[in-house]
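We count ligands from 1, going down the list as the structure has it; atoms in each ligand are counted the same way.
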Amino acid sequence: MKVLLVGGGGREHALARMIAASPLVDALYAAPGNPGIRRHARLLPLGGDDHGALLAAARREGVDFAVVGPEVPLVAGLADRLNEAGITTLGPGARAAAIEGSKAFAKDLMARHGIPTARFATFREPAAARAYARELGAPVVVKTDGLAAGKGSLVCATLAEADDAIAACLERGVFGLSGATIVIEEFLRGEEASFFALANGPDVIPLASAQDHKTVFDGDRGPNTGGMGAFSPFAPLDAAMQARVMREIVRPTIAALAAEAAPYRGILYAGLMLTADGPKVIEFNCRWGDPECEPILARAGSDLVPLFLAAARGEPMAPPPAWRPEASVCVVLVSGGYPGSYRTGIPIEGVGAAEAEPGVSVLHAGTAERDGQLVTNGGRVLAVTSVGADLESAIRRAYAGVARIKFEGMHYRSDIGRRRAR
Ligand code: AMP
Ligand code: GLY
């Protein structure tokens, strides 16, 4: 089988490594990939946005199966186009990907089907939005309807902050069209968890859990980022809680999408708040999380490609995935200044030495190669991922890997997984 992987971050490096190792796969192409992915795939110099060029390349290379990593091409309908061209594709079509692409669509779907989530209303008009924020009271959350590269959720501690967030979206147009409609919702208290499931249209199976660390500094301080590190499994999502999440959230959501003519085929990411009243949805994403994908796939105890293929084809998903009992931790090394502005092209040293540490692999997120030298090429640069007997051991191993790597301005959190470790 010839496989095309779309994307070029740490999530896609983890996917590339797993797909290339599958006995079902003869050739793997990645568009655009990165220097880490190049170890596992032939790179095609195409972004996820150029659907026409991707389709032409997939046809030319005789691709049988495509896996789309990021949300932007899914929300824009890349999976529809690949499937229409006869290329089996893992990842929802545009109608189903709206579960991530439009917060208003996702919230309305949850409301119509009784799926637990924060109380909310949708607005285009600032005065009504300000009135509703007052009805909910602070803290309150203002969200852009459309995609905003992870920056569209504004958690407001006070009503003054909420007014400013509303004005930024609806009056100053800071988020462009993405913010022309907003969702205002109740602030949920509890612990956040990431839960992943795989759907084939009508049916869905659980995959695994993780916890992400979104803020840039230790102790959950500073601005939100795309994710500074993650670990898996996440103990509070034990078998009983996973069964509850499947029953109350994931199965009803997949059934609702199927009933509304938007059958979902692909990875469903439920961002959850484990509240005193039970698990509630913070958001859905139409893809693997990054960095959650890295520690989860590090724990895969069986080849997941047959399952991915079955889901993409709308066939029964069997056998169930096997997960190693060990823990995995991923620490993301970021450029100085991220999530604000940062420089790129800075030489990176020590990746080989890090990978020589027991249980450590280094996944590339924002890297490039210049004259044979690995250099930084993004905010999130490398995802150092470990496997250990338990969370404590996996943390120790991940940071032993991190200690080997250096680049000017390098920053990372030193407390990934800490709160849950003994
Ligand atoms: P999102 O972009 O929806 O993933 O939100 C980014 C972050 O904002 C989440 O990871 C939460 O930490 C926080 N957040 C979003 N919505 C809520 C909410 N309703 N209550 C509390 N925190 C929230
Ligand atoms: N780790 C958060 C995300 O992938 O959206």
Does the pair Glu392/Arg418 count as a salt bridge with the N-to-O cut at 4.0 Å? yes
Carboxylate-amine/guanidinium contact Glu191 Arg419, below 4.0 Å: yes
May I ask you to identify the nearest protein heavy atom to atom 7 (C) of ligand 1, giving residue, atom name and distance to one decimal place in Å? Asn224 ND2, 4.0 Å
Enumerate the atoms of ligand 1 whose separation from the nearest heavy atom of Glu185 is less than 4.0 angstrom. 16 (N), 17 (C), 18 (C), 19 (N)
Please could you name the atoms of ligand 2 that Asn285 approaches to less than 4.0 Å, counting only its heavy atoms? 5 (O)
Check this for me: does any side-chain nitrogen of one of Glu357 and Arg397 sit under 4.0 Å from a carboxylate oxygen of the other? no
Under 4.0 Å between heavy atoms, the region of His213 that gets near ligand 1 turns out to be neither
Under a 4.0 Å N-O cut-off, is there an ion pair linking Arg134 with Asp163? yes
Using a strict cut-off of less than 4.0 Å between a Lys/Arg side-chain nitrogen and an Asp/Glu carboxylate oxygen, indicate whether Lys107 and Asp145 qualify as a salt bridge. no
Ligand 2 N/O within reach of Lys214 N/O, cut-off under 3.5 Å: no
Contact atoms of ligand 1, heavy-atom distance to Lys214 under 4.0 Å: 4 (O), 10 (O)
Report the nearest protein non-hydrogen atom to atom 6 (C) of ligand 1: residue, atom name, distance rounded to 0.1 Å. Ser153 CB, 3.8 Å
Assess Gly226 for proximity to ligand 2: is some non-hydrogen atom of it under 4.0 Å away? yes
Inspect the contact between Lys280 and Glu185 and indicate whether a charged nitrogen and a carboxylate oxygen are less than 4.0 angstrom apart. no
Provide the number and element of each atom of ligand 1 under 4.0 Å from a heavy atom of Phe187. 20 (N), 21 (C), 22 (N)
Of the listed options Val141, Thr215, Asp220, closest to atom 17 (C) of ligand 1 (non-hydrogen atoms): Val141
Note: Val155, heavy atoms under 4.0 Å from ligand 1, region reported as side chain
So, 4.0 Å and heavy atoms of Arg11: is ligand 2 close enough to count as a contact? no
Only one of Arg17, His13, Glu355 passes side-chain hydrogen bond (donor to acceptor under 3.5 Å, both in side chains) with Ser361; say which it is. Arg17
Is a side-chain N or O of Asp303 found less than 3.5 angstrom from the main chain of Ser22, in a donor-acceptor match? no
In terms of atom number and element, which parts of ligand 1 are under 4.0 angstrom from non-hydrogen atoms of Lys103? 2 (O), 3 (O)
Please report whether ligand 1 has a polar contact with Leu188, defined as an N or O pair separated by less than 3.5 Å (distance criterion only). yes
Which of the ligand 1 atoms, numbered from 1, are nearer than 4.0 Å to a heavy atom of Met273: 21 (C), 22 (N)
At under 4.0 Å between heavy atoms, what of Glu283 touches ligand 2? The answer is neither
For Lys143 and ligand 1, answer yes if some heavy atom of the residue is under 4.0 Å from a ligand atom, otherwise no. yes
among protein heavy atoms, the one nearest atom 4 (O) of ligand 1 is Glu283 OE2, 2.7 Å
Would Glu294 and Arg380 count as a salt bridge (charged side-chain N to carboxylate O under 4.0 Å, His left out) if you check the C-alpha gap in whole Å, the side-chain angles of each, and the deciding distance to 0.1 Å? CA-CA 13 Å; Glu294 290 91 316; Arg380 294 190 292 174; over 6 Å; no
What atoms of ligand 2 come within less than 4.0 Å of a heavy atom belonging to Gly289? 4 (O)
So if I count the atoms of ligand 2 from 1 in the order they appear, which ones are less than 4.0 Å from some heavy atom of Arg287? 3 (C), 4 (O), 5 (O)
Between Asp212 and ligand 2, is there a nitrogen or oxygen pair with a distance under 3.5 Å? yes
Member of Asn377, Ile37, Val381, Leu374 meeting the side-chain contact (heavy atoms from CB on, under 4.5 Å) criterion with His364: Leu374
For the 3.5 Å polar cut-off, considering only N or O atoms, please tell me whether Glu186 and ligand 1 meet it. yes
Anything under 30° is parallel, anything over 60° is perpendicular, the rest tilted; go ahead and classify His411 against Phe217. perpendicular
Side-chain touch Pro206/Val250, heavy atoms, less than 4.5 angstrom: no
Tell me which donor-acceptor pairs under 3.5 Å the side chains of residues 65-79 have, and how far apart each pair is, sequence neighbours excluded?
residue, atom, partner, partner atom, Å
Glu71, OE1, Arg287, NE, 3.0

For atom 10 (O) of ligand 1, closest protein heavy-atom neighbour: Glu192 OE1, 2.6 Å
Can you tell me how far OG1 of Thr144 sits from CG of Leu170, rounded to the nearest 0.5 angstrom? 10.5 Å
